[in-house]
Number of protein chains: 2
Amino acid sequence: MSNILYAIRERLSSLHPKERALAEYILEHPQEATRSGITELAERAGASTATITRFCKSMRFDGFPDFKLKLAEELAAPSEQQPTYQDIVAGNSLQRIVAAMEANHLRSIADTTRLLDFGALEAAVAALDRARRIDLYGVATSGIVAQDAYQKLIRIGKEANAFSDPHLQITSASNLGPGDVALAISYSGATQETLDALVCAKAQGATTISLTKYGANPLADSADIALFASSLEEGMRRGDMASRIAQLHVIDILFIGLVSSRFDAYVPKLEQTYVNVRHFRKTKGR
Amino acid sequence: MSNILYAIRERLSSLHPKERALAEYILEHPQEATRSGITELAERAGASTATITRFCKSMRFDGFPDFKLKLAEELAAPSEQQPTYQDIVAGNSLQRIVAAMEANHLRSIADTTRLLDFGALEAAVAALDRARRIDLYGVATSGIVAQDAYQKLIRIGKEANAFSDPHLQITSASNLGPGDVALAISYSGATQETLDALVCAKAQGATTISLTKYGANPLADSADIALFASSLEEGMRRGDMASRIAQLHVIDILFIGLVSSRFDAYVPKLEQTYVNVRHFRKTKGR
DNA sequence: AAAATGACGAAAATAATTTTCCTTCTTATT
DNA sequence: AATAAGAAGGAAAATTATTTTCGTCATTTT
């Protein structure tokens, strides 16, 4: 199922009556939602146009037209051609596991790419470029992603730090200032410690960026710039595998975007780092 | 190519100057055309909004919004041919970077899957299942992958440890014994420290597994079981991005293979870990 | 029971698109 | 070469769509 429809279904229970009526109508007639204007849809779903706009904004779209466009794009990608997410169950042969894993990872990268918000991406790259200091927050699996971003950033001479420890996160966030950047990573977007750190960083005047699963969530709501990686169906036995790969995909894009934005400044540092590591370790490898 | 873009190109020669300028702009930046409003597009294409509307009508669309929607749907449809590895170069637009990144990651996962040796995989899973202790070695980017494997293994109660520090690697390897497993990760397969640790582990009687790029390399040659992740074309400016994702892909397969091999033993631990983390942190997230 | 909060829609405000209409440019004709 | 006819194209008016504001009503809290 499409990520947008999935995100809607996920939120269904937490919606107000009219919003829910609207959400249910969209879930039942997604095609029609993309074809009609806001007034028409309001009538058919039994809600007001105001409710629709509010709903779209709460889903972090620019507005109804933006929602319509993104939904249309998702619906246009025929899912029967694309591999769909596979659950992992008992007693599967290695062959089946490998096939399922491949499908999930491919799908999750493709989905993430399709859902990318270029505006947010550009803003994030610009903020990272400007930043005097960059803090990276993430716990457990998301900590791995934060570490990965950290390793990349220091290669181009950025003053970056990654924290998994809640106390250190807050400690470091407290010492950020305007122009600095805090990038908080959490699959669910609901990790309290990471959220606390982000809020703290924001209070210090830092530019805050979130990287979470798709759909509204506390972390994304609090961040100045919200980036998303595709979310898998619930019930997937270990949804965080694909999501972590999707998040790394976004990190890679951010990093290459950053390097490309000022090629002359960053590439020499990157090359120098590489040369130095080789020279001092006298090995070819990583 | 999309039908709409194709239709535009076909009509190109029969269009008036301004319409042609518009058409050419759309052909070159189809994505942007779907993202922007009519005013914005008019400015960028050097035509007036009136011209755009007229153009859309002449193409038998209802109007500009209709055109935009249909074009977006077409562009969202899955891509034509198998993507090939793309190099990352200066001054690329974010759109191109994203497209290249997606192509590389998709390709690298697909390639890795195709190159998988099921025999080695099965042997690795069996060794991990048997192991009393599991050591994970990896430096820098490969250290991230080792950390990821570590986080997974401890979730199912495996006594695992990940080391990036060369001294600690050796120290820990020295205390492995028969039945234990050392999994060494290095993209090049030539990282001296990691190789040393693996050799040391082997001398202690541990089963050794390597995870490297495809092809002969010291690490794979020394390991009892050699696993491979797809190697990118040489000269790729940052080949380790895709390779790291491919390595994680292999780790995921190993892990799920392990869990599936003895579902009844491992899944309850996995579930329990998950429940406990949620309970003690009183959050839904990661 | 009063106050506070929040959902919600009517309607005003704003934004986007389409249409009208007029100017300008081209081309055909005298 | 001058002029009329016709089409291209843009400015701005008209229309249409979307968003925001604001007030009402319902629900919850004190």
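Heavy atoms only: backbone and side chains are in, while hydrogens, waters and symmetry mates are out. Every chain is numbered from 1 and lettered A, B, ... according to where its sequence line falls, protein lines coming before strand lines.
In this entry the distance linking CG of B/L22 with P of C/dT17 reads 13 Å, nearest Å. Whole-Å rounding puts the B/I52 CD1 to C/dA16 P distance at 13 Å. The distance from atom CD of A/E19 to atom P of C/dG9 is 10 Å, rounded to the nearest whole Å.
With hydrogens and angles disregarded, no donor-acceptor distance shorter than 3.5 Å links the side chain of A/D111 to the backbone of A/S108.
Note on A/E73 versus A/R114: no salt bridge recorded, every NZ/NE/NH1/NH2 to OD/OE distance being 4.0 Å or above. Electrostatic pairing of A/E159 and A/R132 does not count as a salt bridge here, judged by no charged N lying under 4.0 Å from a carboxylate O. Taking the charged nitrogens against the carboxylate oxygens, B/K57 and B/D62 have no contact shorter than 4.0 Å, which rules out a salt bridge. Using a 4.0 Å cut-off between charged nitrogen and carboxylate oxygen, A/R262 and A/D264 do not count as a salt-bridge pair.
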**Asked** Reading nucleotides 10-19 of chain D 5' to 3', which nucleotides get B (base under 4.0 Å from a protein heavy atom), which S (sugar-phosphate only), which -?
**Response** BB------SB
